[in-house]
Each structure stands twice: as structure tokens, then as C-alpha cells.
Amino acid sequence: MIDLKYLQNNFEEASAKLQKKGVENATLENLQTLFTTLKEANAALESAKAEQNSMSKLFGQYMREGKDVTELKVKVDANKEAMVPLQEKAREAEEALYEVALAVPNFPDDSVPEGMDEEDNVELKRVLEPKMFNFEPKEHWALAEKNGWIDFERGVKLAKSRFSVLRGDAARLERALINFFLDTNREKGFEELCVPFMNNAQMLQGTGQLPKFEDDLFKIEGEDLYLIPTAEVPLTNMYNDEILSEKELPVLMTGYTPCFRKEAGSAGRDTRGMIRQHQFDKVEMVAIAHPDRSDEIFEMMVQNASDILTALGLPHRVVELCGGDLGFSAARTIDLEVWLPGQNRYREISSISNTKDFQARRAKIRFKDGKKNRLVYTLNGSALAVGRTLIAIMENYQNEDGSIEIPEVLRPYM
RNA sequence: AGAGAGGUGGCCGAGUGGUCGAAGGCGCACGACUGGAACUCGUGUAUGGGGCAACUCAUCGAGGGUUCGAAUCCCUUCCUCUCUGCCA
């Protein structure tokens, strides 16, 4: 959630920032009004409550002293009745405020480039030259068929469309990648965690998936549980509603989880192959950081993800997202896009974001800054998306006969 | 899943309708004592919101109710422990 006090005190500046993310001024003006209304409603209610409390205290005192309370009772009853509409007003004001506030995206960082969509993203650099093939490189689904690696039909039979089954060496390669990623992250100082793959609604609100993006989530029927769309949810919310000591920062965590997404709104996109599935594996990094150190941790996370791709010999490019392409919670995001020779294009394989205090405010993650509690900054990033790495290996390491080499660094894992 | 017990501040633990945001202890911080330390003594020590100072509101697992007044009574729910059942 954005800082409403900041919005109130710096309205012009705040609205200019959110325009980068396509938030209309009317929404912000509405938000400001709702915030003021809530404050006024609360002030009125609180003074009535203060009155009530002090009269109740007096009531007790009279009882003890054996004084007559009938007159006082009349006053206190009247005040109580007068409080009912005030209470109702305050409750309504709060509901109205949060309904809007929870749906407003994070401020983009000042450094974020202007732009509408991914066309306006800025390429920062390219790492490794795409390999020249002396034959026409195939796309991963063709290679999968040739090698019997991916069973799309049976995935659909077992679940539904956008599910698949990995077989044989592909299944082993998937497992090898998970282990390689986790080991690498651990060596960089991330603690390895194994977390629940279902989280409750409060946690999903903490990281920003709820309430706005409920349609993208798989919900467990009859339970307050959702299948996680990314390990960012359980890892970040490890410290939900907690206060850390300053010396515990930064908390660096990594974990492997499957991720479950309904992919609502992507009908017809990437239907062929394994690029966009309802279930995919990912190894995630999450950092809970001191605000002053989040930039350097962000750089470290980007570098780590890029290093993993380099170690695998996969050509990729580093892209800074423009304001219009930034996700809901992110203040800043860098994507890593891996080269897919079969598709003859770069495709997203990792996304690293600094959400600053946006998630921390929702999830109430704070640290002791001297005597005061301050919100932490939270960062997350993939290192890496496993299924897409598998695809990238297939396309980049293919031979003319359709066979696939295993990258050197993965051989100890297979 | 069934039966019973219980959830109070960083921790332990008292509190069964008003003087309780909460005794006492431990821990922690600061100060005194000391050459230094331990011991001892003194002081302080939850969170969030509004004014942003005085002050005030909320919070004793969570939500709702009774009452002038609830940590204390009632209802719902979650969690923990013990026993039974069931399983990896």
C-alpha cells in the first residue's frame, strides 16, 4: 500500500509518479478525500468514546462511594446512543478507504524510465553472444517431441490445458536445475527455505496479490487458502506482522516452489509449448532489507540471476522496465530475458523487483531503528524460472539431429 | 476427525465485571557501586492510530455480543498441548 500521509502532503508529486503507472488523478483525489473523511470520522468517534470512558469511570467511582447514579446513567445512555451513527460512519469510511487504497499500485522509482508498455523498456546490456547455428534451430516443443521430453497431451488429461508432464531426462534436468539454482543462491548468502505451497488470504494481501488479483489465483474450496503464484508470497510473509532488530537485516532467503497461476487474461498467448503454464517450478530470492541498503541488494540479486544464466552458457539481456510495464507492487524492476534461438527472440526468464515499503506496509514488516519502528524494504526476484530455463537449454543446446547437450555445470547434478 | 485443557507484554506468570495497558519474576537498556567485572541497588522497558506537545483512542489469539463499564460473562472461529483415531 502507498503511504497515504505522503499522498496527502505531496499530492502533486505523488500523482505525477503514479501517472507513470497509469493511475488516474481522479482515483488519487478520491483516495485523498476518503482518507480525510476517515480521519474526521475517527476524530469524532474518538472524542465521543473518550467522553464515554470518563463517564464510565465516574460511574464506578459513584458506585464505590454509594452515590446515586440514576442521573449519570441517563447522560451515559444518551452518549452511547449518539455514538452509534458515528461508529457506523467511521466503519464505512474505513471500508471505503481500504477498498480503494489496496488497489492503488506502488510508486515507481524516480529512476524508472517513462513508457507505456514493454516496447518502452530499456535494454541495459547483453551478456553472451547468441550462438550461430549452421541449421535452422527448432522450437522447444518440436525438440520435446523428438526427444520424448514433454508429454503435453497427458498433462492435459491429468489436469487441463496448460498443464504438461516432463519425462525422463527432462524431468531429471528440471530437478538438476532446481538443485543448481538453490546451491548457487545459498553460496551467495541466501538461506534455503522449504515453505507451504498454500498461503492464507492475509499473506496474499501482504504481498499485493489480494484483493485486486484474486482472479489469477487458484483458491482451495472451503478453506482460507490459495495455491501460491510465486514463492515471493511465503518467503516475504515469513516476517508478516513482525518487528526485526536492525542487526538481523538483511534477511536473504531462497526457496524452490511450484507456482500456480490461472493466467486469466492471457487466453491465446503462448498456448503452444511450455512457456506459459498453470503450474511451473521456480527458485526465488527474497530480501528483507534496511531501506538504506536496498539498492545495493537489488544490484546483487540482478547480478546473481545473470551469473546463473552465464554459468549455464545462456545468452541473455538485462532490461529495465518502464513505468507502464512495472508490476503492481514494484517500485523498480529489472527483467532478464534469455535468448531462444528457436523463437528467434529474447523471453523473460527472471524478474527482480524492489517493492520498497509497499509490501512491508501491507504485511506490517518492520525493524527497530533505534527506538522507532520503521518499515523494511522488500525485494524479490527469480533465480530462476525453472521451466523456462529448461526450454532455453533445449533451444540453445540443440544439435542438428534434435539431440540436446547438457550444460557443463549441470553434469554433476545429473 | 473425536474427548479434554489452554491461548495475557521479548519470555515466564498473576489477574474472573470498575482504581488493569495489565502485579510479580526473568531478560534487556541506562545509571550508581568496582581498578574492571559479577553480585547488589536505582530507573526505564508492548504495538498501532489521531493531535504530532499536553493528551487521547484501540489492542490481553481473532471476530461478534451482553453491560454505563470486559483480559474477566456469552457466541463463533483459529491456534497450541494431552489422550484416542488416522496417516507420509
Side-chain angles (χ1 to χ4, degrees), chain A residues 1-10 31-98 100-102 194-206 210-211 219-226 234 237-249 251 258 357-376:
Chain A
M1 202 168 77
I2 60 165
D3 184 348
L4 294 174
K5 272 191 200 163
Y6 170 79
L7 177 72
Q8 195 168 53
N9 297 331
N10 309 274
L31 193 57
Q32 200 181 19
T33 309
L34 291 169
F35 186 47
T36 309
T37 307
L38 176 63
K39 272 168 55 170
E40 285 168 0
N42 275 339
L45 177 61
E46 274 176 23
S47 69
K49 273 186 179 171
E51 180 87 352
Q52 188 77 357
N53 286 345
S54 74
M55 281 196 284
S56 288
K57 259 186 189 148
L58 204 60
F59 200 102
Q61 194 186 316
Y62 280 16
M63 295 286 278
R64 254 174 283 123
E65 292 169 357
K67 284 193 192 164
D68 181 39
V69 294
T70 48
E71 198 180 321
L72 185 60
K73 175 113 166 73
V74 171
K75 274 171 73 180
V76 103
D77 279 342
N79 189 58
K80 198 188 180 188
E81 205 166 310
M83 255 165 49
V84 173
L86 296 177
Q87 235 148 5
E88 186 60 17
K89 226 178 193 171
R91 201 188 54 78
E92 278 171 8
E94 188 173 320
E95 241 168 53
L97 174 68
Y98 283 105
V100 177
L102 287 173
C194 187
V195 293
F197 301 159
M198 300 178 208
N199 281 192
N200 61 44
Q202 191 189 326
M203 301 306 128
L204 283 138
Q205 181 170 308
L210 288 179
K219 186 173 193 321
I220 307 296
E221 198 180 333
E223 300 273 352
D224 176 31
L225 288 171
Y226 296 80
N237 282 296
M238 280 288 293
Y239 295 95
N240 187 298
D241 200 20
E242 292 194 25
I243 301 162
L244 295 146
S245 70
E246 191 171 348
K247 64 173 183 287
E248 285 176 274
L249 301 178
V251 182
D357 62 9
F358 185 82
Q359 292 180 326
R361 184 172 294 106
R362 290 173 158 247
K364 302 195 196 73
I365 309 173
R366 294 143 294 171
F367 73 100
K368 278 272 178 218
D369 187 15
K371 203 79 175 135
K372 285 259 182 206
N373 296 326
R374 264 178 84 188
L375 293 169
V376 298

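Keep in mind that the numbers below use all heavy atoms, side chains included, and drop hydrogens, waters and symmetry copies. Model, not experiment: these values are computed from the prediction. Every chain is numbered from 1, with letters handed out A, B, ... down the list of sequences.
Listed nucleotides: B:G48, B:A58, B:G18. Nearest to the side chain of A:Lys49: B:A58. Of the listed nucleotides (B:G50, B:G69, B:C57), B:C57 has the atom at the smallest distance from the side chain of A:Asn53. Of all nucleotides listed (B:G18, B:U67, B:A58), B:U67 comes nearest to the side chain of A:Lys80. You'll find that the side chain of A:Met63 is closest to B:G18, out of B:G18, B:C57, B:U67. Checked against B:A46, B:A58, B:G18, the side chain of A:Lys368 finds its nearest nucleotide in B:A46. Checking B:G51, B:U67, B:U56 against the side-chain heavy atoms of A:Ala50 singles out B:U56 as nearest. Comparing B:A58, B:G51, B:G69 by their closest approach to the side chain of A:Lys39 singles out B:G51.
The NZ atom of A:Lys57 sits 9 Å away from the P atom of B:C20 (whole-angstrom rounding). Rounded to whole angstrom, the span from the CZ atom of A:Arg374 across to the P atom of B:U47 amounts to 16 Å. Between the CZ atom of A:Arg91 and the P atom of B:C57 there is a distance of 22 Å, given to the nearest Å. Nucleotide B:G48 holds its C1' atom 14 Å from the CZ atom of A:Arg361, rounded to whole Å. In this structure, A:Leu72 atom CG and B:C68 atom P are separated by 12 Å, rounded to whole Å. Protein atom CG of A:Leu375 is 12 Å distant from nucleotide atom C1' of B:G48, rounded to whole Å. The interatomic distance linking A:Tyr239 (OH) with B:U47 (C1') rounds to 20 Å, in whole Å. Whole-Å rounding puts the A:Leu244 CG to B:G10 P distance at 14 Å.
The separation of B:U16 from B:U66, taken at their P atoms, amounts to 24 Å, rounded to a whole angstrom. Atom name P, nucleotides B:C28 and B:C78: the rounded distance is 39 Å, in whole Å. With P as the reference atom, B:G44 and B:G25 are 13 Å apart, rounded to whole Å. Across the C1' atoms, B:A3 and B:C86 are found 16 Å apart, a figure rounded to whole Å. Nucleotides B:C26 and B:G35, compared at atom P, are 27 Å apart to the nearest Å. For the C1' atom pair drawn from B:U76 and B:G9, the interatomic distance equals 27 Å after rounding to whole Å. The same atom, P, is picked in B:A5 and in B:C55; the two are 45 Å apart, to the nearest Å. Comparing B:G18 with B:G10, their P atoms sit 26 Å apart, to the nearest whole Å.
A:Lys372 comes within 4.0 angstrom of nothing in the nucleic acid, heavy atoms only. Counting any heavy atom pair closer than 4.0 Å across all strands shown, A:Asn79 reaches no nucleic acid atom. A:Gln61 comes within 4.0 angstrom of no nucleic acid atom, judged by non-hydrogen atoms across all strands. Nucleic acid contact for A:Ala43: none, since no nucleic acid atom lies under 4.0 Å from a heavy atom of the residue. At a threshold of 4.0 angstrom between heavy atoms, the contacts of A:Asp224 with the nucleic acid are absent.
Take the nearest nucleotide of RNA chain B for A:Ser47 and for A:Asp77: the residue whose nucleotide is more 5' is A:Ser47. Each of A:Lys5 and A:Lys73 lies near RNA chain B, and the nucleotide nearest A:Lys5 is the one positioned closer to the 5' end.
When both distances must be under 3.5 Å, the Watson-Crick or G-U wobble mate of B:A58 is B:U47. B:C81 is paired with B:G4 under the Watson-Crick or G-U wobble criterion, all donor-acceptor distances under 3.5 Å. Nucleotide B:U67 forms no Watson-Crick or G-U wobble pair with any nucleotide shown, as no partner meets the under 3.5 Å limit on both distances. If you check B:U72 for Watson-Crick or wobble pairing at under 3.5 angstrom, you find it has no partner at all. In a base pair of the Watson-Crick type (N1 to N3 plus N6-O4 or O6-N4) or a G-U wobble (N1-O2 and O6-N3), with each distance short of 3.5 Å, B:G42 is matched with B:C30. The partner of B:A37, taking Watson-Crick or G-U wobble pairs whose two distances both stay under 3.5 Å, does not exist in any strand shown.
The backbone N or O of A:Val84 sits nowhere less than 3.5 Å from a side-chain atom of A:Lys80 that would complete a donor-acceptor pair. Judged purely by atom type and a 3.5 angstrom limit, A:Asn200 uses its side chain to pair as donor or acceptor with the backbone of A:Met203.
The side chain of A:Lys364 places no N or O atom within less than 4.0 Å of a non-bridging phosphate oxygen (OP1 or OP2) of B:U59.
Taking the charged nitrogens against the carboxylate oxygens, A:Arg91 and A:Glu95 do have a contact shorter than 4.0 Å, which makes a salt bridge. Classification of A:Arg366 and A:Asp241 as a salt-bridged pair holds, one side-chain N sitting under 4.0 Å from a carboxylate O.
Side-chain contact between A:Lys49 and A:Leu86 is absent, with no heavy atoms from C-beta onward closer than 4.5 Å. Two residues are said to be in side-chain contact when any heavy atoms from C-beta on lie closer than 4.5 Å; A:Lys89 and A:Leu45 fail this criterion.
With hydrogens and angles ignored, a donor-acceptor pair closer than 3.5 Å exists between the side chain of A:Glu46 and the base of B:G49.
Each of A:Glu248, A:Glu246, A:Lys247 was scored for a side-chain contact (heavy atoms from CB on, under 4.5 Å) with A:Leu244, with one residue passing: A:Glu248.
A:Met63 approaches A:Val69 most closely through the heavy-atom pair SD-CG1, 4.3 Å.
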